[in-house]
There are 2 protein chains.
Amino acid sequence: MRSLSHPGRDQLDLPAVLYALSDPTRLEIVRRLAADGERACGTFGLPATKATLSHHFKVLREAGLIQTRVEGVHRYNSLRKQDLDARFPGLLKAVLKASGPC
Amino acid sequence: MRSLSHPGRDQLDLPAVLYALSDPTRLEIVRRLAADGERACGTFGLPATKATLSHHFKVLREAGLIQTRVEGVHRYNSLRKQDLDARFPGLLKAVLKASGPC
DNA sequence: TCTATTGTTTGACAACAATCGAACGATAGG
DNA sequence: CCTATCGTTCGATTGTTGTCAAACAATAGA
C-alpha cells in the first residue's frame with residue numbers, strides 16, 4: 001500500500017464523524033492524538049489486537065478525523081484538527097472537553 | 001405506559017450521545033426540536049414509518065438527548081438542552097451549527 | 001360503547017459492525 | 001538473503017441496528 005485515501009475537507013460528513021467518535025476505543029485514540037500529537041499505531045497500548053486497532057484507525061481515517069503518514073514500517077497518525085475546526089467549528093473542542101480531563 | 005424513563009443528568013454518556021446523533025434521521029429530529037421547541041412525535045413529517053420513528057425517539061430518549069412528556073394521546077418531545085449544556089458544554093451548539101443552517 | 005387517533009411493542013429480516021486469529025506485505029537491519 | 005517488526009487484509013463469528021408490518025394500548029370524542 002503506497003498511499004492511504006483520506007476524504008477532502010469538503011467531504012467531511014457530520015454523521016460519519018459523530019459515529020466514528022461514538023466508540024470508546026476510537027474516542028480514546030482521538031484524545032491521545034489531541035494530547036500528544038502525532039503517534040504511530042503501535043504506541044497506544046489499548047486493550048485490543050492489532051487487527052482490531054487497525055480497523056478503528058481505518059474508521060477514523062475514512063471519516064476524516066485522522067490522517068496517516070507512512071514512513072518506513074510505521075504509520076504516523078495525527079488529528080486533522082484544522083480541517084475539523086474549519087468544517088465543524090467547536091465540535092472537536094467540545095468533544096474533547098466532554099470526554100474528560102486530558 | 002405511564003411514565004417514560006430518562007437517564008439523569010449525571011448518567012449521560014458521551015459515546016451514547018454521539019451515537020444517537022450519528023443517524024441522519026435522529027439528527028434531523030434534534031435540529032427541529034432545537035429550532036421549534038417542544039413537538040409531538042407525529043409532527044415531523046419524516047420519511048419513515050411510525051414504528052421506525054418511535055424507535056429513533058427511544059434511542060434519543062435513552063441517550064438523554066430528549067425528554068418525552070405524555071399528555072393525553074400525544075407525547076411531546078423536547079431537547080434536554082440544559083442537561084446537555086451542563087454535562088457537555090458547547091457540544092450541542094457545535095453539532096447544531098455543523099449540521100447546517102437552521 | 002364504538003371509533004378514530006397517537007404512539008409503542010413485537011417479530012422478523014437484512015445490513016452492518018466489532019472482534020479475533022491467521023495470513024500477508026512492506027521495510028529495516030543484520 | 002534471512003529475519004524481525006509493523007501494520008493491513010481476509011475469513012469467520014457474534015452481536016447490534018435500521019426498517020417495516022402487524023398487533024397492541026391508551027386516550028378523546030361522538
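Side chains are part of it too, since the values below use all heavy atoms of this structure and drop only hydrogens, waters and symmetry mates. Computed from a predicted structure; not experimentally measured. Naming: A, B, ... by sequence-line order, numbering from 1 per chain.
- Judged by the 6.0 Å and 45° rule, Arg39(B) forms a cation-pi pair with Phe44(B).
- Under the 4.5 Å side-chain contact rule for hydrophobic residues, Val73(A) and Tyr76(A) do not share a cluster.
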For a quick check, with a 4.0 angstrom heavy-atom cut-off, what is the B/S/- contact string for nucleotides 11-21 of chain C, read 5' to 3'?
------SSBBB

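- Here the C1' atom of nucleotide dG18(D) and the NZ atom of Lys58(B) are 14 Å apart, to the nearest Å.
- For Phe57(B) and dT8(C), the CZ to C1' distance is 13 Å, given to the nearest whole Å.
- With rounding to whole Å, Glu71(A) atom CD is found 15 Å from dG7(D) atom C1'.
- One interatomic measurement links the two molecules: CG of Leu46(B) to C1' of dT19(D), which rounds to 14 Å at whole-angstrom precision.
- Salt bridge annotation for Glu28(A)-Arg26(A): absent, with no cationic side-chain nitrogen under 4.0 angstrom from a carboxylate oxygen.
- Without hydrogens or angle criteria, Gln11(A) side chain to Gly8(A) main chain gives a donor-acceptor distance under 3.5 Å.
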Taking only nitrogen or oxygen atoms into account, show me every contact under 3.5 Å that the protein makes with nucleotides 2-7 of chain C, one pair per line with its distance.
unit_1 : atom_1 : unit_2   : atom_2 : d
dG7(C) : OP1    : Cys41(B) : N      : 3.2
dG7(C) : OP2    : Gly42(B) : N      : 2.9
dG7(C) : N7     : Lys50(B) : NZ     : 3.3
dG7(C) : O6     : Lys50(B) : NZ     : 2.8

Listed pairs under 3.5 Å, donor-acceptor, residues 86-102 of chain B side chains, sequence neighbours left out:
unit_1   : atom_1 : unit_2   : atom_2 : d
Arg87(B) : NE     : Arg9(B)  : O      : 3.4
Arg87(B) : NH2    : Leu12(B) : O      : 3.0
Ser99(B) : OG     : Arg31(B) : NE     : 2.9
Ser99(B) : OG     : Val95(B) : O      : 3.4
Ser99(B) : OG     : Leu96(B) : O      : 2.8

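- Side-chain atoms of Ser54(A) do not come within 3.5 Å of backbone N or O of Ala51(A) as any donor-acceptor pair.
- Of the possible polar contacts, one joining the His6(A) side chain to the Thr68(A) backbone as a donor-acceptor pair under 3.5 Å is found.
- Ionic pairing of Asp36(B) and Arg32(B) is not present here: no N-O contact between side-chain nitrogen and carboxylate oxygen is shorter than 4.0 angstrom.
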